[in-house]
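Since the model is a prediction, treat every value here as computed from it, not as a measurement. By convention here, the first residue in the shown sequence is residue 1.
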Amino acid sequence: MTGRIFDKLIDAATAIGAIATALMMIHVSLDVTLKYLFNAPIPATIVIVSQYYMLCVAFPPLALAEQQNSHISVEIFATHLPGRIQHYLQGASFLFACIVYGMLTYIAAFNARREFEAGSFLIEQQVKIDVWPAYFILPTGTGLMTLYLALRFFRFLRGEDQLKSHEVPFE
């Protein structure tokens with residue numbers, strides 16, 4: 001049950017990243033076209049791309065890579081260890097990554113709240129763009145990653161979440 005809920009959340013986060021990618025391509029293409037054909041660029045394109053689209057592309061889908069075991073890993077040392085030690089290292093990696101992402105989520109959420117309270121905005125081409133909502137994208141993505149890593153760690157403790165040797169890339 002919990003796994004299906006996470007699958008749906010990860011699918012939604014990935015859809016957000018895909019939609020942001022498509023919107024960014026359309027927005028930038030339209031901006032360049034209007035700029036060079038009609039000398040009328042879309043105001044605040046750089047702010048919108050850098051503060052919204054790029055964050056939506058990068059952070060909400062983070063957990064998808066974890067779900068698919070697609071994060072980069074270098075296993076020069078670990079592959080030479082006995083299977084039991086590799087097993088425990090895998091569990092430790094889930095716990096360590098969960099703690100790191102949890103701290104990142106906490107700090108990012110704190111910063112997002114601060115920017116919200118300050119009403120942060122940027123001005124580009126005499127257009128005011130509120131950027132405080134963008135600060136909530138990072139803790140949303142890292143928060144989902146934290147929760148998914150916690151799920152993987154608890155599955156590991158129960159003996160349910162183990163990478164098989166054929167799932168380890170570049171082995």
Side-chain angles (χ1 to χ4, degrees), residues 1-28 48-79 81-117 120 130-171:
M1 176 73 168
T2 305
R4 285 192 298 251
I5 292 170
F6 273 104
D7 289 345
K8 297 288 184 197
L9 288 172
I10 291 169
D11 288 347
T14 303
I16 289 169
I19 291 166
T21 301
L23 288 174
M24 180 171 51
M25 290 187 321
I26 292 167
H27 190 146
V28 170
I48 294 169
V49 167
S50 63
Q51 295 291 319
Y52 285 97
Y53 294 140
M54 296 299 277
L55 293 172
C56 287
V57 168
F59 292 105
L62 264 177
L64 177 67
E66 181 63 31
Q67 182 187 48
Q68 296 178 345
N69 296 315
S70 298
H71 279 117
I72 296 171
S73 65
V74 180
E75 300 167 355
I76 296 170
F77 178 69
T79 56
L81 297 172
R84 181 177 284 269
I85 293 174
Q86 288 183 35
H87 171 76
Y88 289 119
L89 282 175
Q90 179 185 7
S93 71
F94 291 146
L95 179 60
F96 179 73
C98 182
I99 291 168
V100 169
Y101 273 100
M103 291 187 308
L104 180 59
T105 301
Y106 175 79
I107 292 167
F110 178 82
N111 288 337
R113 183 172 175 244
R114 186 185 66 220
E115 296 299 324
F116 166 72
E117 290 172 352
S120 292
D130 287 324
V131 294
W132 65 262
Y135 282 88
F136 288 92
I137 298 168
L138 175 63
T140 301
T142 57
L144 180 58
M145 180 69 158
T146 301
L147 293 173
Y148 190 72
L149 285 163
L151 174 66
R152 290 201 72 183
F153 179 68
F154 288 118
R155 283 181 173 171
F156 169 82
L157 291 176
R158 291 179 16 201
E160 299 173 6
D161 197 342
Q162 299 176 33
L163 294 176
K164 308 299 184 249
S165 60
H166 67 277
E167 293 179 315
V168 178
F170 307 108
E171 186 172 38

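- Around atom CE of M54, no more than 12 heavy atoms belonging to other residues, nucleotides or ligands sit under 6.0 Å away.
- Between L89 and L81, the closest side-chain pair of non-hydrogen atoms falls below 4.5 Å.
- A heavy-atom distance below 4.5 Å is not found between the side chains of E66 and Y101.
- Within the 4.5 Å cutoff, no side-chain heavy atoms of L55 are placed close to those of L138.
- Looking at residues two or more places apart in sequence or on another chain, you find a side-chain contact (heavy atoms from CB on, under 4.5 Å) between T105 and P139, T142, T146.
- The aromatic rings of F153 and F156 lie parallel to each other, their planes meeting at an angle below 30°, with 60° marking the opposite boundary.
- Taking both residues in full, the closest heavy atoms of M145 and L62 are given as SD-O, 4.0 Å, listed atom of the first, atom of the second, then distance.
- Annotation: side-chain hydrogen bond (donor to acceptor under 3.5 Å, both in side chains) contacts of N111 (sequence neighbours excluded): R114.
- Once rounded to the nearest 0.5 Å, the distance linking CD of Q67 with CG of L144 reads 9.5 Å.
- Contact annotation: the side chain of F154 never approaches that of F94 to less than 4.5 Å [non-hydrogen atoms, C-beta and beyond].
- With sequence neighbours left out, the side-chain hydrogen bond (donor to acceptor under 3.5 Å, both in side chains) criterion links Y135 to no other residue.
- At least one side-chain heavy atom of F6 sits less than 4.5 Å from a side-chain heavy atom of L151.
- In this structure a side-chain-to-backbone donor-acceptor pair under 3.5 Å is present from Q86 to A78.
- H87 NE2 to Q90 CD: the interatomic distance, rounded to the nearest 0.5 Å, is 7.0 Å.
- Atom OG1 of T21 is separated from atom CD1 of I26 by 11.0 Å, given to the nearest 0.5 angstrom.
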Please step through side-chain contact (heavy atoms from CB on, under 4.5 Å) for the pair E115 and V131, ending with a clear verdict. CA-CA 8 Å; E115 296 299 324; V131 294; 5.8 Å; no

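- Proximity of I137 to P60: side-chain heavy atoms (C-beta onward) are separated by under 4.5 Å at one or more points.
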Can you list the steps and then say if Y148 with I10 is a side-chain contact (heavy atoms from CB on, under 4.5 Å)? CA-CA 9 Å; Y148 190 72; I10 291 169; 3.7 Å; yes

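- Here the NE2 atom belonging to H71 is positioned 11.5 Å from the OG atom belonging to S93, to the nearest 0.5 angstrom.
- K8 contributes atom NZ, which lies 6.5 Å from atom CG of D11 (distance to the nearest 0.5 angstrom).
- Contact of the N69 side chain with the R152 side chain is registered, since non-hydrogen atoms from C-beta on lie closer than 4.5 Å.
- Looking at heavy atoms from C-beta onward, I19 lies in side-chain contact with L23 at the 4.5 angstrom threshold.
- Minimum interatomic distance between P61 and C56 (heavy atoms only, all atoms of both residues): CD-O, 3.6 Å.
- Nearest heavy atoms, P133 versus Y52: CD-OH, 3.4 Å.
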